[in-house]
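What follows is a set of notes on a single structure, which appears directly below.
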Amino acid sequence: MKTILLKFAGPMQSWGTDSHFETRHTDLYPAKSAVIGLIGAALGIRRDDAAIKELEKIKFATRIDQEGSLLKDYHIARKYKPGGDFDRTYVTERYYLEDAVFVVAISHEDDNLIEKIYEALKRPYFQMFLGRRSIPVLADFILGNFDGDISSILGKCEWQAKDYYKKRYNKSQKALDVYCDKGIFDNADREILRQDKVISFAKKNRQFSFRYEDHAKIYVKNSMFEDEDTNHNIFDLVGE
């Protein structure tokens with residue numbers, strides 16, 4: 001089995017699963033539907049193509065390497081009448097995550113499919129985004145294609161947080177939250193109901209249903225940890 005690791009990082013991201021009308025929320029970590037949409041864009045699958053549903057069979061997990069800060073954007077939009085005349089302006093509320101870092105893992109029993117996806121991610125048909133069209137993926141967002149299942153590969157992946165973030169934790173290891181499809185981690189401690197199972201991406205008929213996802217913990221090494229030597233004799237400084 002092969003597993004692809006992707007790094008979602010940048011100034012802003014947005015992963016909404018419950019947005020309506022003028023209010024556009026974001027979840028605190030990427031949704032499976034968003035990742036499927038990103039893969040579909042790389043493969044050249046259009047919104048109304050039924051082939052997008054086949055990607056739902058992909059195994060998915062996301063590891064929160066650096067928690068982002070929530071940003072609310074003051075945004076004004078214009079509304080026009082059916083005839084094209086100006087109607088009014090209105091305020092929309094759009095939420096983003098600032099300075100967050102996630103490691104996303106995708107896998108499938110069919111290694112040929114994973115290889116196809118991996119090549120498409122390197123040479124995408126359509127532009128790929130981090131939840132909004134104004135936020136393209138970074139140049140180094142592909143971490144690699146590895147032999148192994150999601151749980152083992154994520155466990156081996158180094159902590160991808162920024163150095164300043166790692167320095168906040170004065171410990172040699174850090175526990176990271178992982179949210180994944182059911183059954184991937186044996187040590188999952190709870191399950192969550194989330195509305196991010198793709199039924200249709202069609203513009204006039206977007207539909208998503210609920211799926212269960214597990215929560216687990218992964219422990220990673222902190223490369224910025226400095227072990228201070230506290231074993232000393234204060235009287236050595238006084239002298240004889």
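On a predicted model such as this, the values are computed, not experimentally measured, just so you know. Only this structure's heavy atoms are used, side chains among them; waters, hydrogens and symmetry mates stay out.
- The structure places CG of Leu5 at 10.0 Å from OH of Tyr118, a figure rounded to the nearest 0.5 Å.
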- Task: Test Tyr165 against Gln160 for side-chain hydrogen bond (donor to acceptor under 3.5 Å, both in side chains), laying out the working first.
- Result: CA-CA 10 Å; Tyr165 190 85; Gln160 298 296 314; over 6 Å; no
- side chain to side chain contact (heavy atoms under 4.5 Å, CB included) assessment of Leu71 paired with Thr26: CA-CA 10 Å; Leu71 169 70; Thr26 180; over 6 Å; no
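- Annotation for Glu158: atom CD does not count as buried by contact number, only 12 or fewer foreign heavy atoms lying within 6.0 Å.
- For Ala9 against Val101, the heavy-atom pair with the smallest separation is CB-CG2, 4.0 Å.
- No side-chain heavy atom of Val178 sits less than 4.5 Å from a side-chain heavy atom of His215.
- Counting non-hydrogen atoms of neighbouring residues, nucleotides and ligands closer than 6.0 angstrom, the CG atom of Asp186 reaches no more than 12 such neighbours.
- No continuous path of ILVMFWY side-chain contacts below 4.5 Å connects Leu154 to Leu121, so the two sit in separate hydrophobic clusters.
- With contacts defined as side-chain heavy-atom distances shorter than 4.5 Å, the pair Thr3/Ile114 does not qualify.
- Around NZ of Lys122, the count of heavy atoms belonging to other residues, nucleotides or ligands within 6.0 Å exceeds 12.
- Residues Met1 and Ile153 do not share a hydrophobic cluster, defined by chaining ILVMFWY side chains whose heavy atoms lie under 4.5 Å apart.
- With 3.5 Å as the limit, one finds no donor-acceptor pair spanning the side chains of Thr89 and Arg78.
- Of the listed residues (Asp111, Asp147, Asn112, Asp110), just one forms a side-chain hydrogen bond (donor to acceptor under 3.5 Å, both in side chains) with Lys2, and that residue is Asp147.
- Scanning all heavy atoms of the two residues, the minimum distance from Asp214 to Asp181 falls at OD2-O, 4.2 Å.
- Contact of the Phe208 side chain with the Ile199 side chain is not registered, since no non-hydrogen atoms from C-beta on lie closer than 4.5 Å.
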- Task: Just do the side chain to side chain contact (heavy atoms under 4.5 Å, CB included) check on Arg47 and Arg206 with the steps written out, would you?
- Result: CA-CA 9 Å; Arg47 288 179 174 272; Arg206 294 185 186 182; 3.3 Å; yes
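- Taking hydrophobic clusters as Ile, Leu, Val, Met, Phe, Trp and Tyr residues chained together by side-chain heavy-atom distances below 4.5 Å, Tyr29 does not share a cluster with Ile184.
- Crowding of Glu115 atom CD: a count of heavy atoms from other residues, nucleotides or ligands under 6.0 Å exceeding 12.
- Within the 3.5 Å criterion, the main-chain N or O of Phe185 finds no donor-acceptor partner in the side chain of Ser151.
- Across Thr62 and Pro30, no two heavy atoms sit closer than the pair OG1-CD, 3.6 Å.
- Closest approach of Leu38 and Phe141 over heavy atoms only: CD2-CE1, 4.4 Å.
- Atoms CD and CD, on Gln13 and Glu98 in that order, are 11.5 Å from each other to the nearest 0.5 Å.
- One finds the CD1 atom of Ile192 at 8.5 Å from the CZ atom of Arg194 (value rounded to the nearest 0.5 Å).
- Looking only at atom types and distance, the side chain of Gln66 has a donor-acceptor partner in the side chain of Tyr164 under 3.5 Å away.
- A distance of 15.0 Å separates CZ in Arg190 from OH in Tyr212, rounded to the nearest 0.5 Å.
- The closest side-chain heavy-atom distance from Ile39 to Ile58 is below 4.5 Å.
- Note that Arg132 lies in the cation-pi zone of Tyr96, set by a 6.0 Å cut-off to the ring centre and a 45° limit from the axis.
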- Val35 vs Ile106, side chain to side chain contact (heavy atoms under 4.5 Å, CB included): CA-CA, chis, key distance, verdict: CA-CA 9 Å; Val35 175; Ile106 56 175; 4.0 Å; yes
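- Considering only heavy atoms from C-beta on, Leu6 stays 4.5 Å or farther from Phe102 through its side chain.
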- Task: Show your working on salt bridge (Lys or Arg N to Asp or Glu O under 4.0 Å) between Glu191 and Lys182 and close with a plain yes or no.
- Result: CA-CA 8 Å; Glu191 63 180 21; Lys182 285 183 63 62; 2.7 Å; yes
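- Salt bridge absent: Asp65 and Lys7 never bring a charged side-chain N and a carboxylate O closer than 4.0 Å.
- Linking Ile, Leu, Val, Met, Phe, Trp and Tyr residues whenever their side-chain heavy atoms come within less than 4.5 Å places Val103 and Val220 in a single cluster.
- Listed here is the closest heavy atom pair of Ile64 and Leu176: O-CD2, 3.6 Å.
- Contact check on Glu54 versus Lys57 returns a salt bridge, with a Lys/Arg side-chain nitrogen under 4.0 Å from an Asp/Glu carboxylate oxygen.
- In terms of modelled atom types and a separation under 3.5 Å, the side chain of Ser14 and the main chain of Tyr95 share a donor-acceptor contact.
- The environment of OH in Tyr125 is sparse: at most 12 heavy-atom neighbours from other residues, nucleotides or ligands sit within 6.0 Å.
- Here the closest non-hydrogen pair linking Met12 and Leu130 is O-CD1, 4.4 Å.
- The aromatic rings of Tyr80 and Phe86 sit perpendicular to each other, their planes meeting at more than 60°, with 30° as the lower class boundary.
- For the pair Gln127/Pro136, a side-chain contact is recorded, criterion being any heavy-atom separation below 4.5 Å from C-beta on.
- Trp15 has its side chain within reach of Phe8: a pair of non-hydrogen atoms, C-beta onward, lies under 4.5 Å apart.
- In terms of modelled atom types and a separation under 3.5 Å, the side chain of Asp149 and the main chain of Ser152 share a donor-acceptor contact.
- Listed by first then second residue, pairs satisfying salt bridge (Lys or Arg N to Asp or Glu O under 4.0 Å) with a partner in residues 162-179 read Asp99-Lys162, Asp177-Lys217, not counting sequence neighbours.
- Summarising the local packing, OH of Tyr90 is surrounded by more than 12 heavy atoms from other residues, nucleotides or ligands at distances under 6.0 Å.
- Hydrophobic cluster membership differs between Leu143 and Met128, with clusters built from Ile, Leu, Val, Met, Phe, Trp and Tyr side chains linked at under 4.5 angstrom.
- Side-chain contact check for Trp159 versus Asn222: some heavy-atom pair is nearer than 4.5 Å.
- Between atom CG of residue Asp27 and atom CG of residue Asp196 there is a gap of 8.0 Å, rounded to the nearest 0.5 Å.
- Dense packing is recorded around CD of Glu56, with more than 12 heavy atoms of other residues, nucleotides or ligands lying under 6.0 Å away.
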- Item | Val137 and Phe129: CA distance, side-chain angles, deciding distance, side chain to side chain contact (heavy atoms under 4.5 Å, CB included) verdict | CA-CA 5 Å; Val137 298; Phe129 306 100; 6.0 Å; no
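- Considering CD1 of Ile150 and SG of Cys157, their distance stands at 12.5 Å, rounded to 0.5 Å.
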